[in-house]
Amino acid sequence: MRMNRQIARRLRLIVIGLLVVLVVAYAGVSLIAYQVATSPPGRISPDTPTPPFEDVRFPTRGGSYSVAAYYLAPSVAATDALIIVHGLGSSRHDSYHLRLAEALRGLGYAVLSIDLGGGAGDTGGAGKVGYGYYERWDVLGGYDYLLTRHFAPRHIGLVGESLGGATSLLAAAQESGIAAVWSDSAYARADSAVSEQLAANGIPPILVLGGEVWGFVLGGPHLWEVTPIVLGATFAANGQVVYLVHDENDRRIAIHHGVDLNAAYTSAGVDVSFWRVPALDHVQAFEAHPDEYLARLDAFFRAHFHTSF
């Protein structure tokens, strides 16, 4: 009998020891995953738009650092301005965003193409990727800057893709003066998007939960708060309009994110449009269909800048 109790006690100690080892191992691997997921990318070569343009800086809203941006003015004085918000690992310097900025200037808009903090450009920011948690304040700093250049509230819009698309939605929810958002390939929830990417690469998605805990402990981004899908009521109350673009074969941010955002915003009474682009992968619509992309974008902003209240 005494022997049985000793064996049972040893088994309990072994089980407890194994659980401690597993918890410590999970915490360690989650910390590594968190550090990798939030580490800024390497810098992109600082290419510039076709002149004329200005290389400008302005404060991030509520923060202590400055945001770098290109300001492109059209040949004729503009009353409407667009802020370009890039995605993960990108910057205002890459060829995609240079072409987009020049195309939007060609449509007659003043364009502010910004470098988000934690990106591959010239804005240091928080020193880590926040998936929109930090970056929205850089976008709002851009909005504040455009006000100093005499653009009126409700005549400023956002054009974002991927992380930048989600960040644009988050920023607009903080500022009713932003009339309209063009959001290309955004995620409905950051934690879901990261989990799906981990699974696609054979990494257990359960690490996301541990990473979120480390984010809280270390004062990093709160991914559980990066939820553009819950913003419909705010957009409806502010009279803000949204245009969602998502490629059907997107392997980075799955198409269901666009579908889910559209359904949630429609249900909340938002004036939302959804272009579901067939046969393309992540953020390919502008390059594959540039004329249609720009025509849709231009019609969207022209209509809502001049009819918003």
Side-chain angles (χ1 to χ4, degrees), residues 35-74 81-105 109-149 151 156-172 174-175 178 181-186 190 219-221 226 283 286:
Q35 291 172 329
V36 170
T38 59
S39 295
R43 292 196 63 211
I44 289 175
S45 176
D47 293 333
T48 61
T50 302
F53 69 90
E54 298 175 43
D55 195 347
V56 301
R57 284 188 174 268
F58 47 82
T60 186
R61 182 182 285 188
S64 59
Y65 61 87
S66 64
V67 178
Y70 290 136
Y71 178 77
L72 292 77
L82 299 176
I83 302 174
I84 296 178
V85 190
H86 64 75
L88 180 65
S90 298
S91 87
R92 62 182 170 141
H93 300 302
D94 67 53
S95 60
Y96 178 98
H97 293 94
L98 291 173
R99 291 197 306 274
L100 180 60
E102 292 173 7
L104 298 183
R105 176 179 61 186
Y109 298 97
V111 179
L112 188 69
S113 185
I114 68 175
D115 275 338
L116 295 174
D122 304 315
T123 301
K128 56 174 66 70
V129 178
Y131 295 91
Y133 182 72
Y134 303 124
E135 294 88 345
R136 56 186 155 171
W137 306 113
D138 300 342
V139 177
L140 292 171
Y143 171 86
D144 296 337
Y145 172 76
L146 288 173
L147 295 181
T148 70
R149 298 197 73 135
F151 289 96
I156 299 171
L158 308 180
V159 178
E161 44 88 9
S162 195
L163 177 151
T167 298
S168 295
L169 294 168
L170 294 169
Q174 298 287 332
E175 177 54 70
I178 294 171
V181 180
W182 178 275
S183 179
D184 186 341
S185 307
V226 182
V283 193
F286 172 56

I need the minimum non-hydrogen distance between [X] and [Y], along with the two atoms involved.
X	Y	result
Ala69	Phe58	CB-CE2, 3.7 Å
Ala101	Val111	O-CG2, 3.8 Å
Ile83	Gly142	CD1-C, 3.8 Å
Ala166	Ser183	N-OG, 4.3 Å
Ser91	Asp115	CB-OD1, 3.2 Å
Tyr71	Leu146	CE1-CD2, 4.0 Å

Just checking, any donor-acceptor pair under 3.5 angstrom between side chains of Glu102 and Thr50?
yes
Hey, are the side chains of [X] and [Y] touching, using non-hydrogen atoms and a 4.5 Å cut-off?
X	Y	answer
Pro221	Val226	no
Val283	Tyr96	yes
Leu112	Ile156	no
Glu161	Ser185	no

Value rounded to 0.5 Å, distance of [atom1] in [X] from [atom2] in [Y]:
X	Y	atom1	atom2	value
Leu82	Arg105	CG	CZ	13.5 Å
Tyr65	Arg57	OH	CZ	11.5 Å
Leu72	Ile84	CG	CD1	7.5 Å
Leu140	Arg61	CG	CZ	4.5 Å
Ile44	His97	CD1	NE2	9.0 Å

Between Val129 and Leu163, does a side-chain contact (heavy atoms from CB on, under 4.5 Å) hold up when you go through it step by step?
CA-CA 10 Å; Val129 178; Leu163 177 151; 4.0 Å; yes
Testing Leu116, Leu169, Asp138 for side chain to side chain contact (heavy atoms under 4.5 Å, CB included) with Val85, which one passes?
Leu116
Classify the ring geometry between Tyr70 and His93 as parallel (under 30°), tilted (30 to 60°) or perpendicular (over 60°).
perpendicular
The single option from Thr48, Asp55, Asp47 that satisfies side-chain hydrogen bond (donor to acceptor under 3.5 Å, both in side chains) with Arg92 is Asp55
